[in-house]
Amino acid sequence: MSVHATAGKIKRMEIRGAGRIARAAVEALRAEARALGAGDLGEFRRGMEEAASLLLATRPTAVSLPNAVHLAMAPLDGAADLEAARAGVIAAADRFLRSSKGAVERIGEIGAHHIADGETVLTHCNSEAALSCILTAARQGKDFQVFATEVRPGNQGLLTLRTLSDAGIPAHYIVDSAVRHFMHRIDRVFVGADAVAVNGAVVNKIGTSQVALAAHEARVPFIVAAETYKFAPRTTLGELVEIEEREGGELLARAEAARLPRVTVHNPVFDVTPAAYIDLIVTEEGAIPPSLAYVIIREFLGWSIEEFHKTFQIAHRDQG
Ligand code: RI2
């Protein structure tokens, strides 16, 4: 798919989920690298950076997107000529796509150890990493149930239910505000992440922090499933993860809103769960307490501060 088409689908959330967004962007960059008819290395680099910038501007929160774009674009630095650059980007994209799928599988294997026979698990939103833990446990023959929230306003809970149902896992569907009501029946919460900050705080679908609060109050373990490329290097520089605010129309129909001129509709689609409410973050490199987020950023992302700045400049070039 072209860069334009992919960017449009990510913006409209036809492609969604932090991992899927990252893979779709990298696939689009790979297609662009193959197709770009540049005359020389400079022209190729400019074309690729334009494509990257378009993809990076689609959604601001899931840090998997800039992390993945950075990995795919890295071979442009130091490439001897145009064809080396082209081949480098294609190979880096292939590597990321392979390792992303492998990471989700590995997270499933590690996370499944935390689900036992007879338990009841709760999940919020639709995370392939969290679902990988749940599906792996089911494939291992464990007998357990899952509560899935609706997830206002996008109703991603329905996607989760379809996956659970296809896998033959008994499931319960509840509105987001019923989480505390049912928490006494829950043994463990599994959610995904759009970003993990250096202080171990997790940015995930709006409502996640309320789920964490209810779990904390009831002493229910709260587990986050997140690939290492969901960790946000720029938070080591003191930057906050931007919380995407989407159209109010997703919440309140335009005609209804027109009748309520004094009402401001707020539609933040993510929130921040503090590290204090998180028991474990399961990455493909192993499960860590949130206090070790910095180690993941340093050891497995391994970016220098100069590199953060460069990808950031590409991301903001078109936004003035
Ligand atoms: P995986 C999603 O964001 C959800 O917040 C989900 O928990 C998170 O990405 C991680 O998903 P959105 O794109 O990468 O639905 O684990 O706004 O699939």
Side-chain angles (χ1 to χ4, degrees), residues 6-27 55-56 58-68 96-97 99-108 110-112 121-136 146 148-164 176 179 189-197 201-212 222-232 241-247 250-251 267-273 278 280-284:
T6 304
K9 278 180 185 282
I10 294 175
K11 244 189 185 138
R12 293 189 299 273
M13 290 183 71
E14 289 164 27
I15 298 174
R16 54 144 298 280
R20 286 191 178 91
I21 290 173
R23 290 199 297 274
V26 166
E27 276 171 14
L55 292 161
L56 289 167
T58 51
R59 293 188 73 194
T61 304
V63 75
S64 49
L65 177 60
N67 280 349
F96 175 77
L97 294 170
S99 70
S100 167
K101 287 185 182 142
V104 173
E105 260 174 51
R106 183 75 190 119
I107 285 171
I110 299 171
V121 165
L122 182 140
T123 189
H124 180 62
C125 201
N126 178 253
S127 153
E128 65 170 357
L131 275 170
S132 179
C133 304
I134 291 168
L135 293 173
T136 306
V146 179
T149 49
E150 178 192 18
V151 192
R152 282 277 294 152
N155 198 7
Q156 288 94 333
L158 194 55
L159 303 173
T160 297
L161 282 181
R162 286 184 190 140
T163 302
L164 295 170
D176 303 336
V179 164
V189 176
F190 275 86
V191 296
D194 290 83
V196 183
V202 166
V203 181
N204 193 48
K205 184 57 56 188
I206 191 80
T208 302
S209 68
Q210 284 184 179
V211 176
F222 187 90
I223 300 175
V224 176
E227 303 92 299
T228 50
Y229 53 78
K230 308 260 179 78
F231 286 65
V241 174
E242 184 182 338
I243 302 290
E244 178 181 5
E245 178 99 27
R246 291 182 71 86
E247 280 288 300
E250 291 182 356
L251 219 59
N267 187 19
V269 294
F270 301 104
D271 65 19
V272 181
T273 299
I278 299 166
L280 212 57
I281 304 179
V282 181
T283 79
E284 72 275 20

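As the structure lists them, so they are numbered: ligands from 1, and atoms in each ligand from 1. Numbers here simply count residues along the sequence, with the first being 1. Since the model is a prediction, treat every value here as computed from it, not as a measurement.
- Among protein heavy atoms, the minimum distance from atom 11 (O) of ligand 1 is reached at A18 N, 3.5 Å.
- Considering backbone and side-chain atoms together, C125 places no N or O closer than 3.5 Å to any N or O of ligand 1.
- In terms of protein heavy-atom proximity, atom 18 (O) of ligand 1 is closest to E128 N, 2.8 Å.
- The two residues L56 and P66 have their closest heavy-atom pair at CD2-CA, 3.5 Å.
- Considering backbone and side-chain N/O atoms, G19 comes within less than 3.5 Å of an N/O atom of ligand 1.
- Residue-ligand proximity, M13 to ligand 1, at heavy-atom distances under 4.0 Å covers atoms 15 (O), 17 (O).
- Taking both residues in full, the closest heavy atoms of E244 and T61 are given as N-OG1, 2.9 Å, listed atom of the first, atom of the second, then distance.
- Checked against a 3.5 angstrom limit, the closest N/O atoms of R59 and ligand 1 fall inside it.
- If you look at A130 next to ligand 1, there are no close heavy atoms at all, none under 4.0 Å.
- Distance from atom 3 (O) of ligand 1 to its nearest protein heavy atom, with residue and atom name: D194 OD2, 3.1 Å.
- The closest donor-acceptor contact from the side chain of R16 to the backbone of K9 lies at 3.5 Å or more, if one exists at all.
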Practice problem: Give the intermediate values and the outcome of salt bridge (charged side-chain N to carboxylate O under 4.0 Å, His left out) for residues R152 and E150. | Solution: CA-CA 6 Å; R152 282 277 294 152; E150 178 192 18; 5.3 Å; no

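- Atom-to-atom distance recorded for T163:OG1 and E128:CD is 10.0 Å, nearest 0.5 angstrom.
- Residue-to-ligand polar distances keep F270 apart from ligand 1: every N/O pair is separated by 3.5 Å or more.
- At least one donor-acceptor pair closer than 3.5 Å links the side chain of D271 to the backbone N or O of S209.
- The closest donor-acceptor contact from the side chain of T123 to the backbone of A148 lies at 3.5 Å or more, if one exists at all.
- Counting only heavy atoms of the protein, atom 6 (C) of ligand 1 lies nearest to N204 OD1, 3.4 Å.
- Using a 4.0 Å cut-off to heavy atoms of K230, the atoms of ligand 1 that qualify are 1 (P), 14 (O), 16 (O).
- The shortest contact between atom 15 (O) of ligand 1 and any protein heavy atom is with R16 NE, 2.6 Å.
- In terms of protein heavy-atom proximity, atom 16 (O) of ligand 1 is nearest to S127 OG, 2.7 Å.
- Not a single N or O atom of A193, backbone or side chain, sits closer than 3.5 Å to an N or O atom of ligand 1.
- The number of heavy atoms from other shown groups lying within 6.0 Å of CD (Q210) does not exceed 12.
- Listed by number with element, the atoms of ligand 1 under 4.0 angstrom from any heavy atom of Q156 are 15 (O).
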Quiz item: Would F96 and Y229 count as a ring pair (Phe, Tyr, Trp, His ring centres under 6.0 Å) if you check the C-alpha gap in whole Å, the side-chain angles of each, and the deciding distance to 0.1 Å?
Solution: CA-CA 10 Å; F96 175 77; Y229 53 78; 5.0 Å; yes

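- Without hydrogens or angle criteria, N267 side chain to E247 main chain gives a donor-acceptor distance under 3.5 Å.
- At the top of the distance list for atom 17 (O) of ligand 1, counting protein heavy atoms only, stands K205 NZ, 2.6 Å.
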